[in-house]
Amino acid sequence: MNGGTPVRRERFPSWPRVAQNDEDGLLEVLRGGRWNRMGGKFVIRFEEMYAKLTGARHCLAVANGTSALITALDGLDVNAGDEVIVPPYTFVATVNAVLLRGALPVFADIDLETFQMDPKRVEPALTDRTTAIIPVHMAGTPADLDAITAIGRRRRVPVIEDACQAHLAEWRGKKVGTLGTAGCFSFQGSKNLNSGEGGAVLTNDDAVLERCYSFHNNGRSRVTGNAAFGYQHNGANLRLTEFQGALLISQMSRLEEQSKRRDENAAYLTSMLSQVPGIKPARWPEGATRSAWHLYMFRYDKAAFAGAPRSSFLKAMSAEGIPCSSGYQPLNKEPFIQNILGSRGFKRLFSEASLKGWREKNECPMNDRLCTEAVWFTQTMLLGTRADMEQIVEAVKKVQAQAHTLKA
Ligand SMILES: *Cc1c(COP(=O)(O)O)cnc(C)c1O
């Protein structure tokens, strides 16, 4: 940034990775002429494979992660007028899915050390209208599932895991997405398993599976399928196509190998970066045994960087050839949420007193602080070599050494 030689000029690995089996699968679907899941074999095969991989009893493929959440909410009978507990540190889709059901998202603050939903903030947020708790496995690292599922059991509120970033992540050796009543995944283009768009709901509950299947298929049952115009339920068309099913099967053949590489690179980054003053990598909640490393996140303390604000740190890192970002803004303060809560429909569903109470309680000070301190690297950088990781560390140290030259 000051005119010297950058640490690196090469790009980090590109995403997605494409191989021969991707082409073979897509061509087979194309030539076979069955592009819809009805009568096809790819989506159903993917569902079987993903259930086996995760240890779930059932997997239902859907159009994307947002529709996975909406489908799971419907599957658990979460409806207009209900309340759902969500963390504020997540992608907007977690909140949108709740709002699209006509339900009220109630924010439980995060833990500043782990960046994950703080179980201690969940219990006080529950009311007699709460019909689901949605922990998000942020960055692919499990949220505290012991504590959150215990609250769910005690208060008889189902837990829906938002595992959209957390393919192959584990809690005490079990795959996330299988520990709540339902688990939701995304296969959107940036995610660690990718078919452009795509999603899935996992559940061990037969009745929830039937209801989710029906909801995602215009209310038709799994048994009668598309042939019948008899409906057991309201629903939508949220089906995955055979093209995406084929692509997920071939992409999945490389998922474990890619995840191992991210594991190794992230472990190295943590061992090195936690020694740098002012860099605090996100800690795992006790009980997390594997992260998907969809993102590598840490907090930046400007005091250790001559007072240089985070924005200067990000710019300097980019100038050194290391792309990084500042991540999410405080979601609970988004004006669009205030707008919808002020809409005619929501005012009919929720009393003035309850909306006033929501506004008064809608404070997440830990999240506010995290949003000013967080720095992210993407999962594709973690697919690089050890030498790539060494350059990331070198750049952080170099920026720190020159921090006094950065604008405060
Ligand atoms: C990506 C993502 C979603 C939504 O998935 P789409 O496939 O983009 O609809 C939901 N929640 C989280 C945490 C995500 O990262």
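Each ligand, and each atom within it, is numbered from 1 in the order the structure gives. Values below: all heavy atoms of this structure, side chains included; hydrogens, waters and symmetry mates excluded. Residue numbers run from 1 in the order of the sequence given.
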Q: Ligand 1 versus Thr66, non-hydrogen atoms closer than 4.0 Å: side chain, backbone, both, neither?
A: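 Both the backbone and the side chain of Thr66 come within reach of ligand 1.
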
Q: Looking at Phe350, does the NZ or CZ of Arg348 lie under 6.0 angstrom from its six-membered ring centre and within 45 degrees of the ring axis?
A: no

Q: Calculate, to the nearest 0.5 Å, the distance between atoms NZ and OH belonging to Lys280 and Tyr300 respectively.
A: 12.0 Å

Q: Tell me the protein heavy atom at minimum distance from atom 1 (C) of ligand 1, and give that distance in Å.
A: Lys191 NZ, 1.5 Å

Q: If you measure from NZ on Lys333 to CG on Asn367, what distance do you get to the nearest 0.5 Å?
A: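 With rounding to 0.5 Å, NZ (Lys333) is 8.5 Å from CG (Asn367).
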
Q: For ligand 1, which atoms have a heavy atom of Thr94 less than 4.0 angstrom away?
A: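 Those qualifying, in numeric order: 11 (N).
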
Q: Identify which of His137, Gln165, His294 has a heavy atom lying nearest to atom 15 (O) of ligand 1.
A: Gln165

Q: Consider every N or O of Glu197 and every N or O of ligand 1, then say whether any pair is closer than 3.5 Å.
A: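 So ligand 1 has no N or O lying under 3.5 Å from an N or O of Glu197.
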
Q: For Glu10, does the CD atom sit with more than 12 other heavy atoms under 6.0 Å from it, leaving out its own atoms?
A: yes

Q: When the ring centroid of Trp376 is compared with that of Tyr296, is the distance short of 6.0 Å?
A: no

Q: Could you point out which residue of Val396, Val375, Thr378 forms a side-chain contact (heavy atoms from CB on, under 4.5 Å) with Cys324?
A: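 Among Val396, Val375, Thr378, the one that satisfies the side-chain contact (heavy atoms from CB on, under 4.5 Å) with Cys324 is Val375.
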
Q: Should you measure from each heavy atom of Gln188, which atoms of ligand 1 turn up under 4.0 Å away?
A: 7 (O), 8 (O)

Q: Find out whether the Lys NZ or Arg CZ of Arg220 is both under 6.0 angstrom from the six-membered ring centre of Tyr231 and within 45° of the ring's axis.
A: no

Q: Could you list the atoms of ligand 1 found under 4.0 angstrom from a heavy atom of Val136?
A: 13 (C)

Q: Which part of Met138 is near ligand 1, with near meaning a heavy atom under 4.0 Å away: side chain, backbone, both or neither?
A: neither

Q: Pull out every atom of ligand 1 sitting under 4.0 Å from any heavy atom of Asn64, numbered as shown with elements.
A: 7 (O), 9 (O)

Q: Applying a heavy-atom cut-off of 4.0 Å, say which part of Thr90 lies close to ligand 1: side chain, backbone, both or neither.
A: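 It is the side chain that touches ligand 1; the backbone stays farther off.
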
Q: Considering Ser195, Ala97, Ser186 one by one, which has a heavy atom nearer to atom 5 (O) of ligand 1 than any of the others?
A: Ser186

Q: Of all the non-hydrogen atoms in the protein, which one sits nearest to atom 11 (N) of ligand 1, and at what distance?
A: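 The protein heavy atom lying closest is Asp162 OD2, 2.9 Å.
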
Q: My understanding is that we take every heavy atom of each candidate and find the minimum distance to atom 6 (P) of ligand 1. Doing that for Ala139, Ala63, Pro87, Gly65, which one comes out nearest?
A: Gly65

Q: Identify whether NZ of Lys or CZ of Arg in Arg310 sits under 6.0 Å from the centre of the six-membered ring of Phe313 and within 45° of that ring's axis.
A: no

Q: Under a 4.0 angstrom heavy-atom cut-off, which atoms of ligand 1 come close to Ala93?
A: 3 (C), 4 (C), 10 (C)

Q: Mind listing the closest non-hydrogen atom pair of Ser291 and Thr141 along with its distance?
A: OG-OG1, 2.9 Å

Q: Please determine if Arg262 forms a cation-pi arrangement with Trp15, meaning its NZ or CZ atom is less than 6.0 Å from the six-membered ring centre and no more than 45° off the ring axis.
A: yes

Q: Under 4.0 Å from a heavy atom of Cys164: give me the atoms of ligand 1 that qualify, with their elements.
A: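 Those of ligand 1 that fall under 4.0 Å from Cys164 are 2 (C), 3 (C), 10 (C), 11 (N), 12 (C), 14 (C).
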
